[in-house]
Amino acid sequence: MKKVITYGTFDLFHHGHLNLLKRAKALGDYLVVGVTTESFDINRGKLNVQQPLMERVRQVKGTGLADEIIPEEYEGQKIDDIQKYGIDVFAIGSDWEGTFDYLKDYCEVVYISRTEGVSSTSIREQGQLLSFGIIGRGKMASMFVDESKFVSGVYIKQVCDPGEDLKVTGKMMEEVSAVYILSEPDKRGRYVKMALEKGCHVMCESPVSLRREETKELYRYAEEKGLVLFETLKTAYFKGFSRLVLLVKGGAVGSVKSIDATCTSMKPSNSWFYGSHGGGSMTDWGPFVFLPVLKIFGTGFEKCSFTSYMDKENQTDLFTQVTMLYPEGIASVRAGCGVKSEGSLVVSGTKAYIYVPAPWWKTEYFEIRYEDPNQNRRYFYKIEGEGIRYEIAEFLKLVRTGGTNFAMEEHISETISALMEEYLYERKNNSWI
């Protein structure tokens with residue numbers, strides 16, 4: 001008996017998939033089909049799969065062509081499967097030409113011509129392609145363009161410098177479906193309002209604005225217009241960080257009494273602006289260090305105090321420490337520019353504590369540590385690229401299906417703006433170092 005194996009995601013099953021299975025089946029007597037799991041697809045950076053595994057398996061089974069269906073769960077599984085099932089022929093679409101030549105040491109490798117003009121991507125994008133305009137410049141804008149290529153259904157149509165005439169920016173907004181705003185924090189609110197008025201969905205860097213009431217009004221306006229206003233803070237959209245928050249809320253460390261977070265960079269501030277509007281460590285890192293505090297302790301802090309070390313010549317804060325008092329515990333967070341510190345996150349509880357090593361804001365790995373080290377648990381979560389693709393994928397999902405952005409709820413977004421507003425007020429009225 002000649003055995004053949006092929007693999008695929010088989011999302012939104014179409015006749016191109018069917019043709020692949022027919023041709024693979026014709027190469028032998030017994031066909032094994034590997035269907036990729038959601039976790040494996042995510043690890044490969046594929047963020048646009050719309051159907052769950054079992055639904056995709058049912059569709060493959062429904063063709064009557066597969067003699068056996070198996071899940072593909074990890075890198076390197078193909079060699080294991082070829083040996084396990086006694087495979088004679090490995091078959092895959094011609095768009096992978098040359099990629100799997102290394103399998104020739106184990107069996108025959110055949111690249112099957114794909115059906116022209118048909119793919120899950122094209123089906124997914126029909127009538128659903130979201131055109132983006134970007135208001136921003138520099139490294140972050142370039143990274144957004146690069147990362148968007150990993151999410152099907154979006155494309156970047158135009159990039160505007162924040163210094164452009166508003167007429168130019170407004171014209172761009174009339175020609176796109178969505179806008180990504182990466183401008184000076186004190187101008188973001190204006191751009192968000194303008195984009196919503198033009199009927200655009202909005203992704204905006206955190207904070208959305210520097211005033212709580214303005215942020216609140218913008219969310220209400222987006223709701224009235226039936227549009228998505230989405231605050232981007234990439235840590236919030238990482239699976240590892242979400243898992244950490246769920247474990248804490250589920251009582252993994254007991255009652256939380258302290259949260260300690262630090263974010264620093266040796267690079268000069270990314271701040272776009274100086275003077276009375278602020279700039280420096282809080283502008284760059286404030287939303288990040290506030291995120292775990294607000295997600296775990298909530299927004300009901302009783303007291304918040306700021307202390308900054310200032311570059312008085314440029315009117316920027318080089319290092320800021322914030323202490324937040326809650327009924328159940330204390331949070332102490334720090335942000336710095338041109339300063340190097342241990343950028344870790346520690347969540348201390350009555351049963352154990354969670355330690356996330358630097359850079360904690362990527363949250364690829366963390367530990368739960370107990371009094372007895374034999375009970376310690378470790379968690380690993382791979383992040384592809386810069387992580388911006390996860391934000392874009394979640395934004396696209398909300399645009400298409402609606403629902404709530406549980407990673408960055410409105411009250412979290414509003415509180416970040418409120419904290420920035422309070423910081424700027426204290427900065428203006430206090431003489432810091």
| query | Under the ring-ring contact (aromatic ring centres under 6.0 Å, His included) rule, what pairs show up with a residue in residues 201-237, not counting sequence neighbours? | reply | Phe230-Tyr237, Phe230-Phe395
| request: Assess whether atom NZ of Lys216 is packed by more than 12 heavy atoms of other residues, nucleotides or ligands within 6.0 Å. | output: no
| Would you call the rings of His14 and His17 parallel, tilted or perpendicular, where under 30° means parallel and over 60° means perpendicular? | parallel
| request: On the 0 to 90° scale, with breaks at 30° and 60°, tag the Tyr381-Tyr379 ring pair as parallel, tilted or perpendicular. | output: parallel
| said: Strictly distance-based, threshold 3.5 Å: is any side-chain N or O of Ser209 a donor or acceptor partner for the main-chain N or O of Arg211? | reply: yes
Looking at residues at least two apart in the chain, or sitting in another chain, which of them share a side chain to side chain donor-acceptor pair (under 3.5 Å) with [X]?
X: Glu231; result: Ser206, Ser413
X: Arg369; result: Tyr353, Glu367
X: Glu147; result: Arg389
X: Asn374; result: Asp372

Restricting to side chain to side chain contact (heavy atoms under 4.5 Å, CB included), what partner residues turn up for [X], sequence neighbours left out?
X: Val192; answer: Ile181, Leu196, Val202, Cys204, Val208, Leu218, Leu229
X: Arg190; answer: Leu166, Lys187
X: Glu205; answer: Met140, Tyr180, Leu182, Arg188, Thr232
X: Ser258; answer: Ser348

| Residue list, salt bridge (Lys or Arg N to Asp or Glu O under 4.0 Å) with Lys149, at least two apart or on another chain | Asp146
| task | Kindly say whether the aromatic ring centers of Phe366 and Phe380 come within a distance under 6.0 Å. | result | no
| query | Any salt bridge (charged side-chain N to carboxylate O under 4.0 Å, His left out) pairs touching residues 404-413, not counting sequence neighbours? | reply | Arg220-Glu410, Lys295-Glu409
| message | Whether the Thr323 and Ser332 side chains hold a donor-acceptor pair (N or O, under 3.5 Å, no angle test) is what I'd like checked. | response | no
Side-chain donor-acceptor distances from residues 339-346 under 3.5 Å, at least two apart:
none

| task | Inspect the contact between Glu391 and Lys234 and indicate whether a charged nitrogen and a carboxylate oxygen are less than 4.0 angstrom apart. | result | no
